[in-house]
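Numbers here are sequence positions counted from 1.
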Amino acid sequence: MKQILKLSFLFFVFFNLNAQTNSAIVTYKKTKTKKTFTDEKKKKIGKKKFDRFAALEKEAEKVSNSLSFTLKYNANKAVFKVNSFMDTPNNRLKNLALLPFGKGVYYNSKTERIKVVETFGDIFSVKYPVDYTKWTLSKESKKIGKYLAYKATAVEKIKTDNGFINYKITAWYTPEINIQYGPIGYSNLPGLILELKKNKIVYYVTNIEFNPKKFVKVDKPKKGKSITLEEFRDLAIDATKKYRKIRG
């Protein structure tokens, strides 16, 4: 009963506080929790290989810090994507820094959740179930900037060629901003997602522009072969198996 009352209160705040937000441009940055290796693990990998990996990861981290992402919202629709970057020799590292979740264009509406991504030599429009993420709301809260944010968690079971793995997701959202969306396609919380952690990747808000003077255009992406999430994951598994077979 208490949980129902709490949810009712949050949705009341969501629909009544700051109801004037008709459009917005939200800027995010990303960071990553560093991997730690035991001496035993380093020895198993080998010093040369480990040093090469550590150097590459350090460079990718620097590049990652220079990236920014934009969520555009208008009329209950949103698009999230990385901001354009210059075509330079570091692009390989920038593409690496976008992994594993930052590549592509994410589109959300009340009835659709789509990710458009170029991979496996083609462009795909991947359709997610709208209720794909099953959120658990918590009473835990913290201040993010001037906003009071509440914690929500979820676990996604992902099919891979080695069986299933679980991705833990933690979102901090604020009912003070009546936008149900956030980074990399996550939505359906009673407020804007200010911070989102998926495994070791964290997206966090750096700027919010409410009701910009210039019209905020949010179009559904038209590119890509339409495919379900399950079909896309099966495709990824087949591609991984073929790659391993070629490498021996």
Side-chain angles (χ1 to χ4, degrees), residues 30-61 63-64 67 69 80-82 92-106 113-136 152-171 182-188 193 195-203 224-248:
K30 68 173 282 192
T31 187
K32 183 182 177 182
T33 307
K34 289 183 180 178
K35 271 187 179 180
T36 54
F37 293 90
T38 62
D39 290 337
E40 186 181 343
K41 185 74 174 176
K42 289 178 186 178
K43 192 176 179 181
K44 190 177 179 180
I45 294 170
K47 189 177 184 308
K48 266 190 177 181
K49 194 173 180 180
F50 175 78
D51 288 346
R52 192 163 60 246
F53 168 78
L56 183 63
E57 192 172 55
K58 191 175 180 181
E59 285 302 310
E61 184 183 358
V63 173
S64 179
L67 295 173
F69 303 79
F80 177 88
K81 64 179 179 178
V82 66
R92 184 175 67 89
L93 284 175
K94 286 195 173 180
N95 285 320
L96 180 64
L98 284 170
L99 297 173
F101 314 117
K103 288 187 75 175
V105 176
Y106 295 83
R113 178 178 173 181
I114 296 168
K115 178 183 179 181
V116 176
V117 63
E118 186 173 355
T119 188
F120 312 127
D122 212 334
I123 300 174
F124 297 94
S125 178
V126 186
K127 293 189 174 184
Y128 286 68
V130 177
D131 61 347
Y132 175 68
T133 307
K134 311 293 185 186
W135 293 110
T136 299
T153 57
V155 177
E156 289 180 0
K157 197 173 183 179
I158 309 297
K159 185 181 177 183
T160 73
D161 60 317
N162 289 320
F164 287 90
I165 58 172
N166 289 329
Y167 278 136
K168 294 180 181 179
I169 301 143
T170 302
I184 56 174
Y186 286 94
S187 62
N188 290 336
I193 298 174
E195 181 180 302
L196 183 127
K197 182 179 182 182
K198 186 168 183 177
N199 275 17
K200 295 186 177 183
I201 308 294
V202 179
Y203 290 86
K225 293 180 180 177
S226 185
I227 189 171
T228 66
L229 179 60
E230 189 176 348
E231 288 169 339
F232 182 73
R233 288 195 174 142
D234 286 339
L235 184 70
I237 289 169
D238 288 342
T240 303
K241 286 179 179 177
K242 285 175 185 176
Y243 176 72
R244 285 180 177 169
K245 191 175 181 180
I246 290 168
R247 288 196 66 184

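- Between the NZ atom in K30 and the OH atom in Y203 there is a gap of 4.0 Å [rounded to 0.5 Å].
- Under the 4.5 Å side-chain criterion, counting only non-hydrogen atoms from C-beta, L229 is not in contact with K127.
- Relative orientation of the F232 and F120 rings is tilted, given thresholds of 30° and 60° on the angle between their planes.
- To the nearest 0.5 Å, the span separating OH on Y167 from NZ on K197 amounts to 14.0 Å.
- Looking at residues two or more places apart in sequence or on another chain, you find no side chain to side chain donor-acceptor pair (under 3.5 Å) involving T160.
- In this structure, the side chain to side chain donor-acceptor pair (under 3.5 Å) partners of E231, at least two apart in sequence or on a different chain, are T228.
- For the pair F69 and K81, the minimum side-chain heavy-atom distance is 4.5 Å or more.
- Applying the side chain to side chain donor-acceptor pair (under 3.5 Å) criterion to S125, with sequence neighbours excluded, gives no partner residue.
- Take D131 and apply the side chain to side chain donor-acceptor pair (under 3.5 Å) test, not counting sequence neighbours, and it matches K134.
- We find the OG1-CD distance between T31 and E195 to be 10.5 Å, quoted to the nearest 0.5 Å.
- Contact of the V116 side chain with the I114 side chain is registered, since non-hydrogen atoms from C-beta on lie closer than 4.5 Å.
- Between T153 and T170 the shortest heavy-atom distance is CG2-OG1, 4.1 Å.
- No side-chain donor-acceptor contact under 3.5 Å links N188 to the backbone of T133.
- Proximity of V155 to I169: side-chain heavy atoms (C-beta onward) are nowhere separated by under 4.5 Å.
- K225 is linked by a salt bridge (Lys or Arg N to Asp or Glu O under 4.0 Å) to D122, counting only residues two or more places apart in sequence or in another chain.
- Side-chain N or O atoms of W135 include one that pairs as donor or acceptor with a backbone N or O of S187 at under 3.5 Å.
- Shown here are the salt bridge (Lys or Arg N to Asp or Glu O under 4.0 Å) partners of E156, two or more places apart in sequence or in another chain: K198.
- Figure legend: cation-pi geometry between R113 and Y186, with NZ or CZ positioned under 6.0 Å from the six-membered ring centre and within 45° of its axis.
- Heavy atoms only, all atoms of each residue included: P183 and I193 are closest at CD-CG2, 3.9 Å.
- Here the shortest heavy-atom pairing between I184 and L196 reads CD1-CD2, 3.9 Å.
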